[in-house]
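The structure appears right after this line, and notes come after that.
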Amino acid sequence: MKKFLNSTDSLIAESVAGLVRAHPDLVTASFEPTFVSRKTPATAKVGLISGGGSGHEPLHCGFIGRGMLDAACVGQVFTSPTPDQMIAAAEAVDTGKGILFIVKNYAGDSINFQMASEMLEIENKMVMVDDDVAVESSTFSVGRRGVAGTTIVEKIVGAAAEEGRDLTECKAIADHVNKHCASMGVALTSCIVPAAGRPTFDIAEDEIEMGVGIHGEPGRRREKFKAADAIVSDLLEAILADLKPTRGAEVLLHVNGFGATPLIELYLLFNSAAKILDARGLHIERSLVGNYTTALEMAGASLTLCVLDAEMKRLWDAPVHTAALRWGI
Amino acid sequence: MKKFLNSTDSLIAESVAGLVRAHPDLVTASFEPTFVSRKTPATAKVGLISGGGSGHEPLHCGFIGRGMLDAACVGQVFTSPTPDQMIAAAEAVDTGKGILFIVKNYAGDSINFQMASEMLEIENKMVMVDDDVAVESSTFSVGRRGVAGTTIVEKIVGAAAEEGRDLTECKAIADHVNKHCASMGVALTSCIVPAAGRPTFDIAEDEIEMGVGIHGEPGRRREKFKAADAIVSDLLEAILADLKPTRGAEVLLHVNGFGATPLIELYLLFNSAAKILDARGLHIERSLVGNYTTALEMAGASLTLCVLDAEMKRLWDAPVHTAALRWGI
Amino acid sequence: MKTDFVLQCILALQQAIETHQADIESLDREIGDGDHLINIRRGCTVVVAMIEDLRPLPPHEAFTRIGKKLLSSIGGASGPLIASFFLAMGDSLRASEQETITATNFSPAFSAGVEAICLRGKASLGEKTMLDVLIPVAKTFAGLAGQADTPAICHALRAEALKGMLSTKDMLATKGRAAFLGERAIGHIDPGAKSCQVAITAICDTVEQAIGASTTTAVA
Amino acid sequence: MKTDFVLQCILALQQAIETHQADIESLDREIGDGDHLINIRRGCTVVVAMIEDLRPLPPHEAFTRIGKKLLSSIGGASGPLIASFFLAMGDSLRASEQETITATNFSPAFSAGVEAICLRGKASLGEKTMLDVLIPVAKTFAGLAGQADTPAICHALRAEALKGMLSTKDMLATKGRAAFLGERAIGHIDPGAKSCQVAITAICDTVEQAIGASTTTAVA
Ligand SMILES: Nc1ncnc2c1ncn2[C@@H]1O[C@H](COP(=O)(O)OP(=O)(O)O)[C@@H](O)[C@H]1O
Ligand SMILES: Nc1ncnc2c1ncn2[C@@H]1O[C@H](COP(=O)(O)OP(=O)(O)O)[C@@H](O)[C@H]1O
Ligand SMILES: [Mg+2]
Ligand SMILES: [Mg+2]
Ligand SMILES: [Mg+2]
Ligand SMILES: [Mg+2]
């Protein structure tokens with residue numbers, strides 16, 4: 001394993017410190033318990049707090065700032081943060097309008113945020129993001145995983161909170177966006193958890209993992225490597241089967257790189273997907289291409305489709321100023 | 001080699017098509033000869049045209065738009081584009097105020113842009129970006145390579161052109177920025193040219209290539225892998241020896257990922273570098289962290305330091321709206 | 001047994017986790033996300049660092065402190081579950097107001113801890129989690145506490161833990177990260193079940209050894 | 001030799017590049033950026049695709065067309081240089097107003113082509129580039145054209161190309177991408193020198209074979 005590190009123990013703290021040094025106008029960090037929050041706290045709005053294991057950067061710390069999150073709790077690599085972090089973050093950003101926790105649906109995140117929610121003496125709600133259609137959920141009570149749709153949820157509810165919507169409304173909007181997002185990813189190579197020091201999974205030079213998770217978890221099936229068009233077609237088929245958008249619907253297409261796949265390929269995937277969506281009579285009204293929900297240095301990508309309505313479009317377009325997403329400001 | 005591809009022959013065209021589909025409000029593409037230009041051409045300003053081999057995305061097409069480039073010529077992977085592309089791009093974006101070609105200093109780019117410049121019947125000048133201090137230039141007439149400093153040159157001269165500076169002024173500003181930028185990179189793994197299908201260089205699990213080029217060219221030396229702080233210290237030592245900034249100088253620190261290095265590590269590098277710059281009495285006034293000048297899926301990163309003056313700072317901060325860099329709009 | 005001995009058990013547990021590190025790690029790489037060993041290790045490290053602070057405290061207080069500390073240091077799915085286990089044990093022992101742990105008062109505390117995991121994780125037997133070790137162990141312990149002698153109890157619990165751990169191999173997971181894998185999780189032992197089995201075995205071994213070394217009733 | 005035969009040479013050249021593909025490719029991986037083979041291949045492909053359009057044209061016109069096409073299709077450092085070579089050859093032959101190429105009119109054309117590369121690339125002998133093959137070959141050709149018979153010329157040029165190519169091995173590069181490597185380029189043959197040597201050898205072979213097959217003066 002070759003990674004830019006001084007020690008695996010100090011990785012998170014050093015990386016968070018770097019984030020703050022690089023964006024001192026945007027974010028500030030608190031340690032013990034560790035969370036990152038806006039440099040200039042909002043004065044009267046629902047506080048949006050997300051978080052999760054590290055290794056998915058820029059998610060979530062890269063989305064802190066005007067029009068998006070108020071704070072993010074930083075866990076160890078691929079390990080949910082702990083309730084004390086969430087409570088400290090909530091106390092730091094609360095303006096009296098309550099806290100919405102945005103949580104990706106994993107046992108760890110769900111249990112820790114749930115405990116924080118119970119222990120917190122501030123009014124709070126939680127939205128569980130579960131956009132990953134790789135996991136056919138019906139038989140399992142745990143539902144689906146939360147993946148790249150999280151960015152879209154955080155952007156749209158971020159704009160809503162900035163507009164002054166109340167906690168109940170924010171929760172409803174976030175749930176609405178989540179319901180209209182579906183994602184699926186594919187891995188070409190594995191990621192390496194720094195403290196483990198070796199690949200999470202083995203994969204041959206001619207294999208791909210269809211439906212991989214953003215922690216390198218196995219997906220639907222192991223397959224032979226094939227052309228980009230064929231891969232995209234499989235991913236979109238699963239996504240469309242889940243979302244069932246009507247012909248003529250407006251969509252946001254998000255091509256998300258997992259870390260080691262170059263942008264030249266991500267745009268190629270966008271092109272493949274666009275051709276299929278054209279043929280289905282769907283209109284790509286908004287797009288997002290890049291590494292937003294990563295899995296360390298895994299090569300691969302996910303596609304996320306989000307069916308838009310006028311309100312979602314408006315909120316998506318609203319100004320945002322964070323380290324990783326910025327427009328209108 | 002596993003890459004998202006349909007065929008190596010169509011990679012560039014498909015990727016460019018994807019870029020245009022993803023950013024239809026920003027850019028448009030012409031084929032045969034291939035170049036990408038602003039969707040809404042500027043009406044009266046110096047035309048800024050860059051370009052080079054593909055595989056460095058978002059450089060240069062991701063920098064087309066208000067406040068930055070007018071067009072970019074797209075070559076094959078790691079292969080300079082051809083004069084006909086540059087001429088067609090110049091003719092497309094010319095508003096009568098002349099064309100400035102922004103060229104990275106490689107034999108191929110230099111020869112092709114030079115031919116275009118000679119053949120073009122529009123007034124034009126050229127700036128050669130050569131910020132890579134890995135190559136100790138003194139003994140060689142070819143000078144140094146152009147690497148991640150290109151983004152900074154393009155941003156700053158982009159703002160100047162947008163303000164209405166004339167061709168001579170734009171050329172002077174671009175040269176000025178280039179002179180105040182110095183970069184050096186390090187590779188942990190190799191890239192794979194798609195048509196070649198195998199790694200450009202072999203590197204052991206415990207080795208790094210110090211001073212690597214953005215095409216995977218060898219650098220200063222092959223070394224044993226070591227801690228991030230030690231790597232950063234070596235890179236900065238070479239950069240500072242070249243730039244010789246005075247104590248108290250204001251700088252822009254750009255940590256650029258080559259493709260496969262996750263953001264968590266890039267921010268850690270930023271933190272390492274910031275500590276050293278602090279100790280040297282240099283003030284990090286601006287920063288840029290991310291994959292901007294990539295080398296396909298190479299793992300590694302480069303540091304670029306740019307010594308700022310008030311004018312450069314102002315132009316850096318000016319609004320920009322491109323696929324990869326955006327603020328103030 | 002007093003806090004001092006609890007701490008001795010924790011050191012033994014840490015040792016045992018290191019001995020089985022490769023197994024635990026590869027199980028979470030196979031059907032998880034590869035961090036379970038690291039998480040458990042982090043838990044052991046923080047508790048071991050507290051040892052001198054814990055030593056003078058009564059066991060219930062020690063358990064509570066351990067639980068609180070683990071809650072804010074492990075993270076992941078296993079962290080809050082294990083933390084809840086210690087917190088509930090502390091509460092249970094506090095209620096019984098004993099300075100010394102015996103099989104008789106420790107069995108209900110252990111059961112309370114396991115119950116807390118079930119509640120917090122909304123899980124039960126047969127879902128391919130650590131509970132497939134903990135629930136049968138708690139049950140057997142409850143049946144034997146006060147009935148059998150300490151070596152017999154240790155022997156039974158170790159066997160139960162092993163059986164429970166192995167039982168997860170052919171299960172479909174319906175809780176935790178492996179639940180997302182469907183059929184693909186079958187054939188792999190649950191990492192949390194493995195680490196619990198390793199822990200229980202280490203504690204039983206330590207208790208047995210202590211009995212061998214001294215026959216004071218303080219141990220059992 | 002007429003355009004028809006020029007095209008035959010080009011096909012032979014393409015074939016020879018394929019035969020030596022592994023060598024050419026690995027040389028540019030070692031001291032370049034790994035694309036030289038692909039660039040040369042792309043050049044061959046576009047020229048071969050033009051063959052039927054070129055066949056009816058006089059040689060100078062064919063060379064000019066090839067040069068223009070290559071200028072807009074290869075790219076990189078080698079593209080405009082090779083294109084300039086063909087364009088200059090076309091100009092030179094056009095000036096001599098000959099429908100048929102002979103050693104006597106082709107040698108100055110070849111020299112003009114090489115001169116164009118020197119000018120365009122601002123390079124000369126001993127800088128570890130394709131010119132270390134082309135300059136000596138042009139010189140030898142000029143010395144022998146009209147003096148020696150065709151097989152002797154072919155023999156000499158092939159030897160010169162080989163010598164020039166091998167000479168780049170121990171050079172420090174001062175032009176092209178390898179110039180950035182300093183001492184590290186020593187010990188590696190220049191990829192452009194290699195591909196030029198392969199091309200010249202293939203053309204010489206083709207000319208010799210044609211002479212063997214027929215003794216018409218159209219060949220030489
Ligand atoms: N709901 C649950 N109830 C009980 N145990 C669970 C539950 N979810 C997960 N676990 C246990 O946690 C273990 C995984 O722990 P760990 O790897 O540390 O956390 P994470 O899954 O968040 O990476 C699983 O092997 C399983 O035994
Ligand atoms: N200035 C120059 N003059 C002559 N030949 C050159 C010059 N620069 C490069 N070359 C030749 O071009 C070859 C590299 O070609 P190629 O790999 O296709 O282009 P690039 O270097 O742009 O990737 C070198 O091996 C060398 O022979
Ligand atoms: Mg985890
Ligand atoms: Mg090249
Ligand atoms: Mg885990
Ligand atoms: Mg090359």
Side-chain angles (χ1 to χ4, degrees), chain A residues 1-7 11-12 14-19 21-23 54-55 57-58 62 77 188-189 205-206 208 225 227-229 231-232 253 255 259-272 274 284 287-291 294 296-297 299 301 321 323-324 326-329, chain B residues 1-7 11-12 14-19 21-23 54-55 57-58 62 77 188-189 205-206 208 225 227-229 231-232 253 255 259-272 274 284 287-291 294 296-297 299 301 321 323-324 326-329:
Chain A
M1 174 191 66
K2 278 185 284 188
K3 289 175 187 273
F4 292 115
L5 277 181
N6 291 307
S7 89
L11 163 62
I12 308 291
E14 290 182 64
S15 182
V16 166
L19 175 84
R21 280 302 302 259
H23 309 284
S54 290
E57 292 67 26
V77 172
L188 306 186
T189 65
E205 188 43 56
D206 64 343
I208 57 178
F225 181 57
D229 279 349
I231 292 172
V232 166
L253 172 59
V255 175
T261 287
L263 200 51
I264 191 171
E265 295 176 42
L266 297 182
Y267 277 119
L268 184 140
L269 294 175
F270 192 96
N271 188 54
S272 289
I284 305 174
S287 63
L288 187 66
V289 181
N291 297 332
T294 60
L296 295 168
E297 72 282 76
H321 183 182
R326 181 171 181 180
W327 54 76
I329 311 184
Chain B
M1 174 191 67
K2 278 185 282 186
K3 288 173 187 276
F4 292 115
L5 277 181
N6 291 305
S7 88
L11 162 62
I12 308 290
E14 289 181 66
S15 181
V16 166
L19 174 83
R21 280 303 304 260
H23 310 284
S54 290
E57 292 68 25
V77 172
L188 306 186
T189 66
E205 188 44 58
D206 64 344
I208 57 176
F225 181 58
D229 280 348
I231 292 172
V232 166
L253 172 60
V255 175
T261 288
L263 201 51
I264 191 171
E265 295 176 41
L266 297 183
Y267 277 120
L268 182 140
L269 294 176
F270 192 96
N271 188 54
S272 289
I284 304 175
S287 64
L288 188 67
V289 182
N291 297 333
T294 60
L296 295 168
E297 71 283 76
H321 184 182
R326 182 171 180 179
W327 54 77
I329 311 183

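Labels below follow one simple rule: chain letters A, B, ... track the order of the sequence lines, proteins then strands, and each chain is numbered from 1.
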| query | Pick from B:Arg21, B:His23, B:Glu14: which one makes a side chain to side chain donor-acceptor pair (under 3.5 Å) with A:Tyr267? | reply |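 Result: among B:Arg21, B:His23, B:Glu14, B:His23 is the only option passing the side chain to side chain donor-acceptor pair (under 3.5 Å) with A:Tyr267.
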Below 4.5 Å from any heavy atom of chain B, which atoms of [X] appear? Answer side chain, backbone, both or neither.
{"X": "A:Leu253", "value": "neither"}
{"X": "A:Leu269", "value": "side chain"}
{"X": "A:Ala299", "value": "neither"}
{"X": "A:Ile284", "value": "side chain"}
{"X": "A:Ser7", "value": "neither"}

Identify which part of [X] has an atom lying under 4.5 Å from any heavy atom of chain A, answering side chain, backbone, both or neither.
{"X": "B:Ile231", "value": "side chain"}
{"X": "B:Leu11", "value": "both"}
{"X": "B:Ala324", "value": "neither"}

State, to 0.1 Å, how close [X] and [Y] come at their nearest heavy-atom pair, and which atoms those are.
{"X": "A:Glu297", "Y": "B:Ala260", "value": "CB-O, 3.5 Å"}
{"X": "A:Ala17", "Y": "B:Asn271", "value": "CB-OD1, 3.4 Å"}
{"X": "A:Arg326", "Y": "B:Trp327", "value": "CZ-CB, 3.1 Å"}
{"X": "A:Glu205", "Y": "B:Met1", "value": "OE2-N, 2.7 Å"}

Drop me the distance from [X]'s [atom1] to [Y]'s [atom2], to the nearest 0.5 angstrom.
{"X": "A:Leu296", "Y": "B:Glu265", "atom1": "CG", "atom2": "CD", "result": "8.0 Å"}
{"X": "A:Lys3", "Y": "B:Thr261", "atom1": "NZ", "atom2": "OG1", "result": "9.0 Å"}
{"X": "B:Thr294", "Y": "A:Ile264", "atom1": "OG1", "atom2": "CD1", "result": "8.5 Å"}
{"X": "B:Phe4", "Y": "A:Ile208", "atom1": "CZ", "atom2": "CD1", "result": "7.5 Å"}

| Test item: B:Asp229 side-chain N/O and A:Asn6 main-chain N/O as donor-acceptor pair under 3.5 Å |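 Side chain of B:Asp229 to backbone of A:Asn6: no pair is present.
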| Heavy-atom side-chain proximity of A:Leu263 to B:Asn291 below 4.5 angstrom |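 No - every pair of side-chain heavy atoms lies 4.5 Å or more apart.
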| query | Top residue by heavy-atom pair count (under 4.5 Å) with chain B, among A:Ser54, A:Ala227, A:Gly259, A:Ala22? | reply |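 The candidate making the most pairs under 4.5 Å is A:Ala22.
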